[in-house]
Amino acid sequence: MSVGSILILPGDGIGPEVMAEVRRIIDWYADKRDLSFDVSEDLVGGAAYDKHGVPLADETMAKAQEVDAVLLGAVGGPKYDDLDFSVKPERGLLRLRKEMDLFSNLRPAQCFDALAHFSSLKEEVIAGLDIMIVRELTSGVYFGEPRGIFEEGNERVGINTQRYTESEIDRVARSAFELAMKRDKRLCSMEKANVMESGILWREIVTEVARDYPEVELSHMYADAGAMQLTRWPKQFDVIVTDNLFGDILSDVAAMLTGSLGMLPSASLGAPMENGRPKALYEPVHGSAPDIAGQGKANPIACITSFAMALRYSFDLGEEADRLEAAVETVLADGKRTADLLGDEGVTPVSTSDMGDAILAALDASL
Ligand code: IPM
Ligand code: MG
């Protein structure tokens, strides 16, 4: 029996090669755990543009709305840099987020013990780090109107609008409080209430929502101070909730704390569907890395642990997600490294598929 449906969108650059390793993991679950998924595959980003002239075809959008989970690789590449803004690869991803209404973007930053020395920060600052950034993903300056480049007098003006409604803040705040309840029960909300009205409203609504979660200790920080604290002593945080743009920036900071962008997964969740599962899209935090695409050098771990998040959040298979994450940890502890994780003396890098092999072997050993 099928556990549920998955739409795979490998995308561009290293997307297809890291996603190939995820497919092997999915097959492993069918063979060894009797958990089979109904998997289909389609195009997004530049790959979709090449075929359809748009970064996401309407039929693909419709499919994404129907499945239990979408797994996305990465989008973009230099080949598409000069395209009109409206058909750039990134627009495909933004359309998925917006039309599926995936308002809550979970970006965990965890430091694997075996990699603590890869961080640009001191090992003691980073060892054991386990924080979760909840980024609002469907509103704010990414989508606010008016936007555009307009003529004003004898020059042009570029305009984007930061805009948040009470209900948009309320729903993402609730998802962050719910997560905090399952973790260390500490939530830090970040905005710029000192200069932005949208930040004042953000702080007010988050404070109101906190009344429904008396067990969670809520704090507030200006986003710039938050960035500073993230690099000074990141372990002070448990869950962070913030808006779309600050979340974009802060999550890159948090990702790099752990040593490599190639390690971090994400989940973007919306409202529950009829079957009770949330609308969901899972993707690595890293981009399409066109400089190394097609060479078997990419690290598939972020894409694989994104699938682990799908097991946990879409399919209620938390124990299987733990199994997969533990397999990744074992492989790293054994010293396996893709090229992004070099620096340890005497270690030669393994290829993308070697890393996949090693994770599959660790999964076998877990049975
Ligand atoms: C991210 C990326 C995207 C964003 C880009 C690719 C549109 O940076 O997911 O963090 O800005 O949201
Ligand atoms: Mg980003």
Side-chain angles (χ1 to χ4, degrees), residues 9-16 18-19 43-49 54-56 61 64 70-81 83-109 131-144 147 158 160-164 168 172 190 223 226-227 230 240-258 260-270 279-291 293 298 302-303 305-306 309-310:
L9 302 173
D12 308 321
I14 60 170
V18 294
M19 199 58 90
L43 302 172
V44 69
Y49 177 82
V54 285
L56 187 75
M61 186 65 240
V70 178
L71 302 184
L72 188 138
V75 296
K79 184 178 161 197
Y80 308 103
D81 279 352
L83 286 183
D84 187 71
F85 185 73
S86 64
V87 289
K88 276 197 186 297
E90 290 77 7
R91 303 308 303 173
L93 175 57
L94 293 170
R95 180 175 179 200
L96 283 164
R97 290 175 179 172
K98 186 68 180 174
E99 291 191 24
M100 291 170 76
D101 204 14
L102 306 171
F103 60 87
S104 180
N105 179 215
L106 279 38
R107 297 190 163 188
I131 62 182
M132 176 75 88
I133 296 189
V134 179
R135 167 188 177 192
E136 200 291 325
L137 202 60
T138 52
S139 186
V141 77
Y142 270 57
F143 297 99
R147 65 181 298 164
N160 291 91
T161 303
Q162 167 80 334
R163 179 180 189 277
Y164 270 106
E168 285 169 343
V172 73
M190 296 188 187
L230 262 176
I240 292 171
V241 64
T242 188
D243 78 11
N244 204 342
L245 182 59
F246 295 142
D248 181 43
I249 298 166
L250 294 170
S251 63
D252 266 21
V253 173
M256 203 57 217
L257 293 178
T258 68
S260 168
L261 264 177
M263 301 296 301
L264 294 187
S266 81
S268 305
L269 306 176
K279 279 263 168 77
L281 179 146
Y282 300 87
E283 58 177 316
V285 171
H286 65 67
S288 59
D291 52 322
C303 206
T305 48
S306 294
M309 291 187 89

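Read the numbers this way: they start at 1 and go in the same order the structure lists the ligands and their atoms. Keep in mind that what you see is a predicted model, and the values were worked out from it rather than measured.
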| Nearest non-hydrogen partners of L269 and Y282, listed with the distance | CD2-OH, 3.8 Å
| field | Protein heavy atom at shortest distance from atom 1 (C) of ligand 1 | value | R107 NH2, 3.3 Å
| Crowded around R163 CZ? As in, over 12 foreign heavy atoms under 6.0 Å? | no
| Is the NZ or CZ atom of R135 positioned over Y142's six-membered ring, under 6.0 angstrom from the centre and within 45° of the axis? | yes
| Minimum-distance protein heavy atom relative to atom 4 (C) of ligand 1 | Y142 OH, 3.4 Å
| Is the closest N or O pair between E283 and ligand 1 shorter than 3.5 Å? | no
| said: For S139 and E168, which I'm curious about, is there any donor-acceptor pair between the side chains at under 3.5 Å? | reply: yes
| Any side-chain donor paired with an acceptor under 3.5 Å for Q162 and D243? | yes
| query | For the atom pair CE (M190) and CG (L250), what is the distance rounded to the nearest 0.5 Å? | reply | 6.0 Å
| Is the shortest distance from a heavy atom of R97 to ligand 1 less than 4.0 Å? | yes
| remark: Nearest heavy-atom contact between V44 and D12 is O-OD1, 3.8 Å
| So is H286 close enough to ligand 1, meaning a heavy atom under 4.0 angstrom away? | no
| query | Quick one: does K88 get a heavy atom under 4.0 Å from ligand 1? | reply | no
| task | Would you name the N/O/S atom of D248 that lies closest to the Mg ion (ligand 2)? | result | OD1
| message | Considering D248, D252, L245 one by one, which has a heavy atom nearer to atom 10 (O) of ligand 1 than any of the others? | response | D248
| said: Just to confirm my output: which protein heavy-atom neighbour is closest to atom 5 (C) of ligand 1, and how far is it? | reply: E90 CG, 4.4 Å
